[in-house]
Amino acid sequence: MLTGDIPPNQTIYIKNLNEKVKKEELKRSLYALFSQYGRIVDIVALKTPKLRGQAWVVFSEVTAASNAVRQMQNFPFYDKPMRIQYSKTKSDCIAKAEGTYDKKKKQEEKVERKTRGREGPQTTTSNGPTADTNGGPPASTWQAKSGAQEAAAEPNNILFIQNLPYETTCMMLEVLFKQYPGFREVRMIEAKPGIAFVEFEDDMQSSVAMQALQGFKITPQNPMAITYAKK
DNA sequence: AGCACA
């Protein structure tokens, strides 16, 4: 496969990212894009000469990482197809959480790397990489229980919204979704209350809106369940 | 192309 022979890891390594995108924006977009696969623990992106154009997204579960590797492979992100693999090593934040983080060893590894490549790392402001945006991502409610879709669908510029209250109108959804760039239109079907389709210009924009509004409650009983529409 | 976390 494209992932080579790297064993599964809860951290994914992404390359071929657009280097013009600013670090903070990049992290936010990656977060928006990937949190549909599971809880994201951390995102690391550096702009040093060696490391620009790459990022690590740390999931809390390996399965989430696996889905992300498969489904977002070559996803056009800022006009460039993402190349995704499992990370070769365990992320520090995971090692720390497991209590297996060894500071001494870390230091030695660093020295080694320095001796065969003369890049001094630069500064990396660490602006809350994860928990910023819209409060924490939702735990895990809404699994569509019809068994219809279990492994998140492929990205699509059209979103499929479920679990809406019956009184929901196109206008209400429009108000919610048109705040995200690339919004095109909302479609509802008279005969099928409780669901809607929302179209964006491209997959990336629909993904951002999905993440932002996932679980949004029009009434307390109706957290929106948003997935990509089937092609 | 390039696997880090300060």
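Every chain is numbered from 1, with letters handed out A, B, ... down the list of sequences.
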Output all residues satisfying ring pair (Phe, Tyr, Trp, His ring centres under 6.0 Å) with A:Phe75, sequence neighbours left out; order by chain, then residue number.
-> none
Please evaluate the base of B:dA4 for a donor-acceptor partner in the side chain of A:Ser87 within a cut-off of under 3.5 Å?
-> yes
May I have the distance from A:Lys23 (atom NZ) to B:dA4 (atom P), rounded to whole angstrom?
-> 16 Å
Distance, rounded to the nearest Å, where A:Lys50 contributes NZ and B:dA4 contributes C1' | 13 Å
Which residue pairs satisfy the ring-ring contact (aromatic ring centres under 6.0 Å, His included) criterion with at least one member in residues 184-208 of chain A, sequence neighbours excluded?
-> A:Phe160-A:Phe197, A:Phe183-A:Phe200
Using atom CH2 of A:Trp56 as one end and atom C1' of B:dC5 as the other, report the distance to the nearest whole Å.
-> 9 Å
Counting side-chain heavy atoms from CB outward, which of B:dA4, B:dC5, B:dG2 is closest to A:Leu51?
-> B:dA4
Distance, rounded to the nearest Å, where A:Asp42 contributes CG and B:dC5 contributes P | 12 Å
Can you check the A:Leu26 CG to B:dA4 C1' distance for me, whole Å?
-> 14 Å
Any side-chain heavy atom of A:Asn16 sitting closer than 4.5 Å to one from A:Phe77?
-> no
For the side chain of A:Gln85, counting heavy atoms from C-beta on, which of B:dC3, B:dG2, B:dA4 is nearest?
-> B:dC3
Tell me, please, which residues at least two apart from A:Asn222 pass side-chain hydrogen bond (donor to acceptor under 3.5 Å, both in side chains).
-> A:Thr219
Write down the distance between OH (A:Tyr13) and C1' (B:dC5), rounded to a whole number of angstrom.
-> 14 Å
Tell me which donor-acceptor pairs under 3.5 Å the side chains of residues 166-175 of chain A have, and how far apart each pair is, sequence neighbours excluded?
| from | atom 1 | to | atom 2 | distance (Å) |
| --- | --- | --- | --- | --- |
| A:Thr168 | OG1 | A:Pro165 | O | 2.6 |
| A:Thr169 | OG1 | A:Met172 | N | 3.2 |

In whole angstroms, the gap separating P of B:dG2 from CG of A:Asn16 amounts to 12 Å
Ion pair present between A:Lys96 and A:Glu98, side-chain N to carboxylate O less than 4.0 angstrom?
-> no
Close approaches to DNA chain B from residues 90-101 of chain A, in residue order (heavy atom, under 4.0 Å) = A:Lys90, A:Ser91, A:Asp92
Contacts satisfying salt bridge (charged side-chain N to carboxylate O under 4.0 Å, His left out) that involve residues 202-229 of chain A (not counting sequence neighbours) are none
When we call it a touch if two heavy atoms are under 4.0 Å apart, what does A:Glu19 touch: a base, just sugar-phosphate, or nothing?
-> base
May I have the distance from A:Asp5 (atom CG) to B:dC3 (atom P), rounded to whole angstrom?
-> 14 Å
